Q: 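I'd like to ask some things about the structure below.
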Amino acid sequence: MPRTPDAASAGYRRFVVAPRPGGGLTSVAARHDSLHGTIESRWEHHDGGYTLRVRVPPGTEAQVHLPGADEPVRALPGTHVYTWAEDDRAPGGDVGTARPAPGLRTQLS
């Protein structure tokens, strides 16, 4: 997915989530009411790691760029939870697979 808007991305049909923890922050949350529904993203720092929760509305998809990952993760409609430890190496594995990569745990709720 291109990082710049195009006709296929109109109305936030496709969007990018790219958290960048650091700077002394312990959590960040964002919300946008798109034509397709509410898009939400929130990351939190906790003992030894991070949790990212992403809400993808029906009819849309997100490209989730996790810190340290070589490739983005494709997120379809639903609520996705990603966790990683501070000392984990960059997660590997194939993009878009349901199998979590080493050091990265995902949950769809």
Side-chain angles (χ1 to χ4, degrees):
M1 178 173 5
R3 292 194 51 95
T4 56
D6 62 14
S9 302
Y12 293 93
R13 184 172 315 240
R14 290 198 243 156
F15 56 93
V16 174
V17 175
R20 297 292 177 253
L25 298 174
T26 58
S27 67
V28 171
R31 175 187 170 127
H32 176 74
D33 292 321
S34 77
L35 295 174
H36 303 282
T38 302
I39 297 169
E40 291 179 300
S41 173
R42 176 182 177 84
W43 66 259
E44 296 177 338
H45 182 260
H46 48 80
D47 294 333
Y50 296 89
T51 299
L52 170 67
R53 180 179 299 270
V54 178
R55 181 175 171 196
V56 181
T60 69
E61 67 180 67
Q63 227 182 43
V64 181
H65 294 262
L66 298 167
D70 292 331
E71 298 289 332
V73 176
R74 182 177 178 214
L76 297 176
T79 299
H80 303 266
V81 178
Y82 306 91
T83 61
W84 67 97
E86 288 181 282
D87 59 354
D88 278 348
R89 298 187 63 196
D94 296 328
V95 176
T97 62
R99 184 178 68 249
L104 172 68
R105 290 160 294 285
T106 62
Q107 171 186 339
L108 177 61
S109 56

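From a predicted model like this one, the values you see are computed outputs, not experimental measurements.
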Q: Any salt bridge linking Arg42 with Glu40? Criterion: basic side-chain nitrogen under 4.0 Å from a carboxylate oxygen.
A: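 Looking at Arg42 and Glu40, the cut-off is not met.
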
Q: Going from OG1 on Thr38 to CZ on Arg31, what distance comes out if it is rounded to the nearest 0.5 angstrom?
A: 4.5 Å

Q: Please give me the minimum heavy-atom distance between Pro57 and Arg55, naming the atom from each residue.
A: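 Shortest heavy-atom contact: CD-O, 3.8 Å.
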
Q: Hydrophobic clusters here meaning ILVMFWY residues chained together by side-chain heavy-atom distances under 4.5 Å, can you tell me if Leu35 and Val17 are in one?
A: no

Q: Parallel, tilted or perpendicular: which one describes the rings of Tyr12 and His32, with boundaries at 30° and 60°?
A: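 Tyr12 vs His32 ring planes: tilted.
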
Q: With sequence neighbours excluded, tell me which residues meet side chain to side chain contact (heavy atoms under 4.5 Å, CB included) with His46.
A: Thr51

Q: Does some side-chain heavy atom of Pro67 sit less than 4.5 Å from a side-chain heavy atom of Trp43?
A: no

Q: State, to 0.1 Å, how close Arg13 and Gly59 come at their nearest heavy-atom pair, and which atoms those are.
A: CG-O, 3.6 Å

Q: What residues, two or more places apart in sequence or in another chain, satisfy ring pair (Phe, Tyr, Trp, His ring centres under 6.0 Å) together with His36?
A: none

Q: Kindly compute the distance separating CD (Gln63) from CZ (Arg74), expressed to the nearest 0.5 Å.
A: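 Taking CD in Gln63 and CZ in Arg74, the distance rounds to 10.0 Å.
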
Q: Say you draw a straight line from NE2 of His45 to CG of Leu25; how long is it, rounded to the nearest 0.5 Å?
A: 11.5 Å

Q: Working to the nearest 0.5 Å, report the span between NE2 of His65 and CG of Asp70.
A: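 Here the rounded value is 12.5 Å.
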
Q: I would like to know whether Phe15 and Thr60 meet side-chain contact (heavy atoms from CB on, under 4.5 Å); could you show each step before the answer?
A: CA-CA 8 Å; Phe15 56 93; Thr60 69; 3.8 Å; yes

